[in-house]
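Proteins come first, then strands; the chains are lettered A, B, ... in the order of their sequence lines, and each starts at number 1.
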Amino acid sequence: MPLRVHDTRRREKVDFTTMNPGVVNMYVCGVTVYDLCHLGHARCYLAFDLIHRWLEKSGYDVNYVQNFTDIDDKIIIRANETGEDWRELVENNIATYYRDMDALNILRADKYPRCTEFVDDMISITADLIEKGNAYAADDGVYFSVESAPEKYGLLTGQNIDAVRSGAGGRVDGTGSGKRDHKDFALWKAAKPGEPTWESPWGPGRPGWHIECTAMSMDSFGEQFDIHGGGHDLLFPHHEAEIFQGECHTGCSPVVHHWLHNGFVNIDGEKMSKSLGNFWTISDILEKVDPYVLRLSLINAHYRSPIDMNEQLLKDAEKNHTRLMGVYKAALELMGINCPPLPEGDITSQVPLVKSLGLLEKMAQGFAIAMDDDFNSREACAKVLGALREMSRMLGILEGDDLGAYAQHCVEWLEDTAGSVLGVLPTREQTLVEPEEDPRRAEIAQQVEELISRRSSARTAKDWPAADAIREELTALGVVVTDTTEGPIWDLL
RNA sequence: GCACGGAUGUCAGAGCGGCUAUGAGCGGGAUUGCAGAUCCUGAGACCUGAGUUCAAAUCUCAGUCCGUGCUCCA
């Protein structure tokens, strides 16, 4: 079945095609490294991580390029505020970026170009655009003239240039810029005192924001490539500017074959913003929430839909992840070695094992169909959750070689879906390792063991009031005790 | 104002012409002294109005409400 993706420019789901068979060139706008990464960044790079993983799973060789914007007004402003050298600020934030994304199990891109390494390319593209009549130099920099290619206006957002023309009269001034038209955007910014600068034919200065991505994507892929991604907010003006620059410079239309945009994250129904005080950095969240749980909560919605982050969502994700881990761990422990091969699955069979294998096969197909349908991770998660129930049930019924082989099948099934595609499964080793001794746990262990032993005696004597009283004592200590067939186990609340 | 997207049970959130998912929550059952966990199971929804169709949550039109963007925020 073919992979279909929603293309922002064409405004519909289209069959996914690549320029070179079996190869996908994908560019995703990266972060401007002036601050820590927040939940919105996590959503974005997680969305494209899932896309990256699924394309590879589908057999494509993916060249994934994601840039760092390492020179920008915000970086200069922040460096001035803190008194830090801007290069140091950039290095620190890039290091943190990697740390956060690694924690979320986001696979690394193949390349992370930095703007400052491609200033020469940006200058030559800018010069070419001037030569072609698409750009002009002014006192304070070089601007792209939108009216030089009006047919390219609004290709992503659908905005009508005539409406903008008539509605904007005279709004140009006030910006204090040499723009001829308010729709124009900067390709090159003349240096202001104290700013980092590069030499150019238009005097010292630095590149505009939009030209960076054009230069870096072209450096990696040439004049045309398969996927360009980014946050929904970049649609305008950033990505429309890229269309102007790239298509006027190369003469190719389109430069980008598929535009993909992810939806935003809201917090408790409100837009996440610093002014509302509901701004969550990834580091903040990971202090409270397991990275796999956060990951699961963020793939709980389709990548294009907005997602509302709240307690309920995290609670659901935590519960689901616990279920996933429970079944995965049980299957790993029950997995047999050298078991005889399993029969073919068949959902119409009366034999429970055969029927169950058939059901799992059907759910794996459903998983693939969902992912092929514009990377529908929500639907894919539903298939995994459905499979968990089936696995959990069967693992409790089967015995002997059937059990060992079935458990192994479950392990592989989960690793193939929840593991390598959704990225919410730790390694086998991590799953089987006993939880580390918490120092707080060690501190009270003796006392707790003693209480539990007394409670066990009370339970043997069927003295329930006494047993429950001891359990309340344990609760007061912050300990929860759970009775299992192998005896009571306890954990910190 | 213009543009784009959305409105599905208590909540989250898929489905996008015939059957509806999934998870949480709630109800019943099995297991357990109880609780928890696990398994089985039940109830409960498609914004409004019109149209197309044998058939509409799904397509069309209109309306209402909501979100986002409209110069550097993923």
Q: Report the C-alpha distance between K74(A) and D35(A) in whole Å, list the side-chain angles of each, state the deciding distance to 0.1 Å, and finish with yes or no for salt bridge (charged side-chain N to carboxylate O under 4.0 Å, His left out).
A: CA-CA 9 Å; K74(A) 294 196 165 181; D35(A) 205 348; over 6 Å; no
Q. After noting the C-alpha distance and the side-chain angles of E390(A) and R393(A), does the key distance pass the salt bridge (charged side-chain N to carboxylate O under 4.0 Å, His left out) rule?
A. CA-CA 5 Å; E390(A) 177 60 20; R393(A) 197 175 63 81; 3.2 Å; yes
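One interatomic measurement links the two molecules: CD of E379(A) to C1' of A12(B), which rounds to 15 Å at whole-angstrom precision. Atom pair I307(A):CD1 and G6(B):C1' shows a separation of 15 Å (rounding to whole Å applied). Rounded to whole Å, the distance from CD on Q159(A) to P on U68(B) is 16 Å.
Look at the C1' atom in both G29(B) and U20(B): the space between them is 26 Å, to the nearest Å. C66(B) and C73(B) have their P atoms separated by 28 Å, with the value rounded to a whole Å. A43(B) and C26(B): their C1' atoms are spaced 9 Å apart (whole Å). For the C1' atom pair drawn from A21(B) and A12(B), the interatomic distance equals 14 Å after rounding to whole Å. To the nearest whole angstrom, the two P atoms, one in C39(B) and one in G23(B), are 10 Å apart. Annotation: U8(B) and G49(B) have their P atoms spaced 16 Å apart (nearest Å). Taking the C1' atom of each, A57(B) and C19(B) are spaced 14 Å apart, rounded to whole Å. Across the P atoms, G17(B) and U60(B) are found 10 Å apart, a figure rounded to whole Å.
Side-chain contact annotation: Y27(A) with N67(A), donor-acceptor N/O pair under 3.5 Å present. Counting only N and O atoms by type, the side chains of H261(A) and H232(A) include no donor and acceptor under 3.5 Å apart. In this structure, a donor-acceptor pair under 3.5 Å is absent between the side chains of N320(A) and T322(A). Neither side chain, Y153(A) nor E151(A), offers a donor N or O lying under 3.5 Å from an acceptor on the other. D374(A) and Y303(A) share a donor-acceptor pair across their side chains, judged by distance under 3.5 Å alone.
Residue-level contact check: L313(A) touches the backbone only, with heavy atoms under 4.0 Å from sugar-phosphate atoms and none from bases. At the heavy-atom level, S305(A) lies under 4.0 Å from the strands shown only through sugar-phosphate atoms. In this structure, D184(A) reaches the bases: a heavy-atom distance under 4.0 Å links it to at least one base atom across the strands shown.
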Polar-atom pairs under 3.5 Å, protein N or O versus N or O of nucleotides 72-74 of chain B: list them with distances, or write none.
residue : atom : partner : partner atom : Å
C72(B)  : N3   : K189(A) : NZ           : 3.3
C72(B)  : N4   : K189(A) : NZ           : 3.2
C73(B)  : OP1  : K74(A)  : NZ           : 2.4
C73(B)  : OP2  : K74(A)  : NZ           : 3.1
A74(B)  : OP1  : H41(A)  : NE2          : 3.0
A74(B)  : O2'  : G231(A) : N            : 2.4
A74(B)  : N1   : V265(A) : N            : 3.4
A74(B)  : N3   : G40(A)  : O            : 3.0

Just the table, please: protein N/O against nucleotides 32-35 of chain B N/O, every pair under 3.5 Å.
residue : atom : partner : partner atom : Å
G33(B)  : O6   : R455(A) : NH2          : 3.3
G33(B)  : O6   : R459(A) : NE           : 3.3
G33(B)  : N1   : D468(A) : OD1          : 3.0
G33(B)  : N2   : D468(A) : OD1          : 3.3
G33(B)  : N2   : D468(A) : OD2          : 2.6
C34(B)  : O2   : R471(A) : NH2          : 2.4
C34(B)  : N3   : R471(A) : NH1          : 3.1
C34(B)  : N3   : R471(A) : NH2          : 3.4
C34(B)  : N4   : D483(A) : OD2          : 2.7
A35(B)  : N1   : D483(A) : N            : 3.4

Report each atom pair, protein N/O against N/O of nucleotides 22-25 of chain B, whose distance is under 3.5 angstrom.
residue : atom : partner : partner atom : Å
U22(B)  : O2   : R378(A) : NH1          : 3.0
G23(B)  : OP1  : R389(A) : NH1          : 3.1
G23(B)  : O2'  : N320(A) : OD1          : 3.0
G23(B)  : O2'  : N320(A) : ND2          : 3.2
G23(B)  : N2   : D316(A) : OD2          : 3.2
A24(B)  : O4'  : D316(A) : OD1          : 3.4
A24(B)  : O2'  : Q312(A) : OE1          : 3.4
A24(B)  : O2'  : D316(A) : OD1          : 3.4

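Classification of R455(A) and D468(A) as a salt-bridged pair fails, no side-chain N sitting under 4.0 Å from a carboxylate O.
Not one side-chain nitrogen or oxygen of T157(A) sits closer than 4.0 Å to the OP1 or OP2 atom of G69(B).
Nucleotide A45(B): unpaired (no Watson-Crick or G-U wobble partner with both distances less than 3.5 Å). Base pairing analysis places U22(B) opposite A12(B); the two distances defining the Watson-Crick or G-U wobble pair are each below 3.5 Å. In this structure, G36(B) forms no base pair with any nucleotide, since neither Watson-Crick nor G-U wobble geometry is met with both distances under 3.5 Å. The partner of A7(B) is U64(B), by the rule that a Watson-Crick or G-U pair needs both atom distances under 3.5 Å. The base-pairing partner of G69(B), taking Watson-Crick or G-U wobble contacts with both distances under 3.5 Å, is C2(B). Pair assignment for C59(B) gives G51(B), based on Watson-Crick or G-U wobble hydrogen-bonding distances that are each under 3.5 Å.
Other residues, nucleotides and ligands place no more than 12 heavy atoms under 6.0 Å from the CD atom of E311(A). In this structure, K152(A) places its NZ atom where more than 12 heavy-atom neighbours from other residues, nucleotides or ligands lie under 6.0 Å away.
Between H238(A) and H210(A), the angle of the ring planes lies from 30° to 60°, which puts this pair in the tilted group. Taking the six-membered ring where the residue is Trp, F144(A) and F185(A) present parallel rings, their angle staying beneath 30° rather than reaching 60°.
K288(A) forms a cation-pi arrangement with W280(A), by the criterion of a distance under 6.0 Å to the ring centre and an angle within 45° of the ring axis.
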